[in-house]
Structure formats: structure tokens, C-alpha cells
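See structure below.
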Amino acid sequence: MNVLSLSNIKKNFGSIEVLKDISLNVREGEVMSIIGSSGSGKSTILRCATMLETINGGSIIYKGKKVAWENPDGSIVYANKGELTKIRSYFGLVFQNFNLFPHYSVLKNIIDAPIHVQKIHKEKAVEIAKDLLIKMGLEGKENYYPCQLSGGQQQRVAIARALALNPSILFFDEPTSALDPELTGEVLNVLKDLAAMHMTMVIVTHEMNFAKEVSDEVMFMDKGVVAQTGTPEEVFSSSNPRIKEFLGRFY
Ligand code: ADP
Ligand code: MG
């Protein structure tokens, strides 16, 4: 089953066409990595898929439920507010800069949305949060504030916060780009563990070895189009000159 289907997505900022015709399907349990140069539209895809930006063309479907689609006249319709609220609970998004609430403890960062959005009992939310902190290697950090943690620890709290809402799919936008190299590994290891547990994930990353190792599918973006998509083997051995030039910067 497809958790997410994007079909023929177009996105303009003013007169600039940033996404030209993007289609992708993410199946349940699959890890998709999105790679490509800065400015190629990777973040914009995630922002459109997570409704932080509206699309100008195409359609978005989560688990068979339509988020947005095109009228015959080409105009875009979004589902009603109630429907969108429900669909928002299907996904989580983890950013490059963690985006934790600085004035909340680690525990409060994680339990806030489950309690206030999902109306889960506080005791249950705390239990889930503590369990996730153990999984993230952060046992005992409940009462710390984000500023008391390393970047790698903060990012693992952000991942725990996203997981606490029990999403069907998690999006990551360059989750290790803001980290010192020695802290990158601990976050990538968490992502590898999630992949091994068949968490459905879409990961924008510049970590090529990681993408090669964990992805079921790799998508290479170039100037607002999908230049190639396939297995890691297919994409990393591609003869496409744009991909070769891009990968050449890493090896
Ligand atoms: P990537 O994540 O691959 O680096 P982005 O999706 O961030 O690329 O950006 C793709 C293009 O869209 C870039 O040229 C960027 O300048 C432009 N862009 C992104 N967001 C906006 C915005 N809010 N307004 C205008 N242009 C934008
Ligand atoms: Mg980006």
C-alpha cells in the first residue's frame, strides 16, 4: 500500500517554477532518500507533502485519502479542514535545526502534542515518551532543557517527539546537516534502527553512504525535476552525467 502518493506536483514561487512535475510513491515500510544539489527543490517537496506550502498543480494522497487534487480547469482544491486535520496526524516532520521548544523540558517537548492534539492521558503520554527516550539513547534526560543537550541529543529528542504521535510516515529534511561530524553518526544510527523496524520514511540527505545503505529507493532531484529514481544500486551507478557530477563531489 502507498502511504503517500504525489502525482505531477507543480510549485511556483511567483514566476519561478520550483517544482516542475514531481511524482513519487512511498510504500508502507519503505525508506526513500531524496538527494540533489542545493536549490533543486528537495525541501519544497517535503513542505508541499506536509502542507506547509500549497501546490499549484498535481495531487497529494495519503493512505488513499485525498489532500489536494486538480479540478478539470486546472485549479487546485484542498480537502476540508476536518479531513486535513485527520491527515496531518499521519505524518511527522523532523527539520535540520531540531525546532524544539527551548523553554520546555525534553519531556514536555515530547508529551505536549500527544496530550493537547491527540487527547492522550498524561500518564500514558509520559510512559510513551520515556520509552522513546530509552530507544533514542536518552534515558534520564526527561528534565533537561534543549540548551543543556548536544545537537545530536536535541535531534534525537526531535525524532522522539515526532514518533510520539505514532505517525504512518516520517519526513526528515537534512536531519544531520546542522551537526558536527562526530554527532552525525548517532542520529544516523537512530534512523538506521527505525529503518530496520520498517518505519516508513522520506529522508532528504547529503549523507551518501547512509542513503546507499538504508534506502529502498533513492530519488535524485535536479532543478525541480526528478532526474532519476531507483534502487541505491541503480542511482549510485547511474551514467546520467548530472548524477555523476553530483556524486563526484562526495567521493
Ligand atoms: P533544496 O532543499 O533542494 O536546497 P529548496 O526546496 O529549498 O531546495 O528550494 C528550491 C528553490 O526554491 C530555490 O531556488 C529556492 O530559492 C526557492 N524557494 C524556496 N522557498 C522559497 C520561498 N518561500 N520563496 C521563494 N523562493 C523559494
Ligand atoms: Mg533544503
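Just so we're clear, the structure is a prediction, and the values are computed from it rather than from any experiment. Atoms within a ligand are numbered from 1 in the order they appear, just like the ligands themselves.
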- Message: Could you check whether any heavy atom of Gly36 sits closer than 4.0 Å to an atom of ligand 1, since that is the contact criterion I want to use?
- Response: no
- Task: Please indicate whether any nitrogen or oxygen in Gly41 is less than 3.5 Å from any nitrogen or oxygen in ligand 1.
- Result: yes
- Item | Whether Ser43 has an N, O or S atom under 2.8 Å from the Mg ion (ligand 2) | yes
- Item | Distance, nearest 0.5 Å, that separates CD of Gln154 from CG of Leu183 | 10.5 Å
- How close does the nearest protein non-hydrogen atom get to atom 17 (C) of ligand 1, and which residue and atom is it? Val18 CG2, 4.0 Å
- Message: As an exercise, identify every atom of ligand 1 less than 4.0 angstrom from a heavy atom of Ser37.
- Response: 3 (O)
- Task: Would you mind running through ligand 1 and noting each atom that sits below 4.0 Å from a heavy atom of Ser38?
- Result: 4 (O)
- Task: Please determine which of Asn25, Thr231, Thr229 meets the side chain to side chain donor-acceptor pair (under 3.5 Å) test together with Glu217.
- Result: Thr229
- Item | Contacting atoms of ligand 1, where contact means under 4.0 angstrom from a heavy atom of Ser43 | 1 (P), 2 (O), 6 (O), 7 (O)
- Task: Taking atom NE2 of His121 as the centre, report whether more than 12 heavy atoms of other residues, nucleotides or ligands fall under 6.0 Å from it.
- Result: no
- Does atom OH of Tyr144 have more than 12 heavy-atom neighbours, drawn from other residues, nucleotides or ligands, at distances under 6.0 Å? no
- Message: For the residue pair Arg161 and Phe98, would you count it as a cation-pi contact if the rule is NZ or CZ under 6.0 angstrom from the ring centre and within 45 degrees of the ring axis?
- Response: no
- Message: Students should be able to answer this: which protein heavy-atom is nearest to atom 13 (C) of ligand 1, and at what distance?
- Response: Gly39 O, 3.9 Å
- Query: If you measure from atom 3 (O) of ligand 1 to every heavy atom of Glu53, Lys42, Glu17, Gln96, which option wins on shortest distance?
  - Reply: Lys42
- Message: Whether Lys11 engages the ring of Phe13 as a cation-pi pair (distance to the six-membered ring centre under 6.0 angstrom, angle to the ring normal within 45°) should be assessed.
- Response: yes
- Message: Looking only at side-chain N and O atoms, does Ser37 offer a donor or acceptor that is under 3.5 Å from a partner on Arg242?
- Response: no
- Query: If you measure from each non-hydrogen atom of Thr44 to ligand 1, which part falls under 4.0 Å: side chain, backbone, both or neither?
  - Reply: both
- Message: Check the orientation of Phe171 and Phe91. Use parallel for under 30°, tilted for 30 to 60°, and perpendicular for over 60°.
- Response: perpendicular
- Query: Under 3.5 Å, N or O to N or O, is Phe13 touching ligand 1 that way?
  - Reply: no
- Message: Would you say atom 27 (C) of ligand 1 makes contact with the protein, given that contact here means a non-hydrogen protein atom less than 4.0 Å away?
- Response: yes
